[in-house]
Amino acid sequence: MSITLTPEQEQFIQAKLLTGKYRNAQEVLEVALRLLDEYEQSDIEWINTVRSKVDAAIAASENTPPIDGETFVNQILARFQ
């Protein structure tokens, strides 16, 4: 595979190499790709957590009798008094 980097990307990699933390550009890219994968996995986990919470809220609401808006607001106000 061959890739073309922008000048900014090349400068970024060169700056990382100058720190001495990485031996070559491939190592910098490997770390970057691993972090991208971790980011995407955490995004998927967050989405699944939110979906689970939404499903739980929907299930709870199906077993809860409806309440009118005025009663709901009054109950909230009563909690803060």
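FYI, the numbering just counts along the sequence from 1.
E30 and Q26 form a side-chain donor-acceptor contact under 3.5 Å, judged by distance and modelled atom types alone. A donor atom on one side chain and an acceptor atom on the other are not found under 3.5 Å apart for D55 and S52.
Contact of the I76 side chain with the F72 side chain is registered, since non-hydrogen atoms from C-beta on lie closer than 4.5 Å. By the 4.5 Å heavy-atom criterion applied to side chains, I44 and Q41 are counted as neighbours. Counting heavy atoms from C-beta outward, Q75 and I67 have side chains that approach closer than 4.5 Å. Inter-residue side-chain proximity for K16 and F12 is flagged as met; some heavy-atom pair is nearer than 4.5 Å.
Of all non-hydrogen atoms in L17 and Y22, the two that sit nearest each other are CD2-O, 3.8 Å. For K21 against E27, the heavy-atom pair with the smallest separation is O-OE2, 3.9 Å. The two atoms that bring Q9 and T4 nearest to each other are OE1-O, 4.3 Å, heavy atoms only. Scanning all heavy atoms of the two residues, the minimum distance from V28 to I13 falls at CG1-CG1, 4.1 Å.
More than 12 non-hydrogen atoms from other residues, nucleotides or ligands lie less than 6.0 angstrom from CZ of R34. For E70, the CD atom counts as loosely surrounded, since its 6.0 Å shell holds 12 or fewer non-hydrogen atoms of other residues, nucleotides or ligands.
Cluster annotation: M1 and V31 are assigned to the same hydrophobic cluster (Ile/Leu/Val/Met/Phe/Trp/Tyr, side-chain heavy-atom contacts under 4.5 Å, transitive). In the hydrophobic clustering of this structure, L35 groups with L5; members are Ile, Leu, Val, Met, Phe, Trp, Tyr whose side-chain heavy atoms approach within less than 4.5 Å, directly or through other members.
Once rounded to the nearest 0.5 Å, the distance linking OH of Y39 with CG of D43 reads 5.5 Å.
The side chain to side chain contact (heavy atoms under 4.5 Å, CB included) check on V73 picks up L77, with sequence neighbours excluded. Partners of E40 by salt bridge (charged side-chain N to carboxylate O under 4.0 Å, His left out), not counting sequence neighbours: none found.
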side-chain hydrogen bond (donor to acceptor under 3.5 Å, both in side chains) between D68 and T71, worked out: CA-CA 6 Å; D68 68 88; T71 302; 2.7 Å; yes

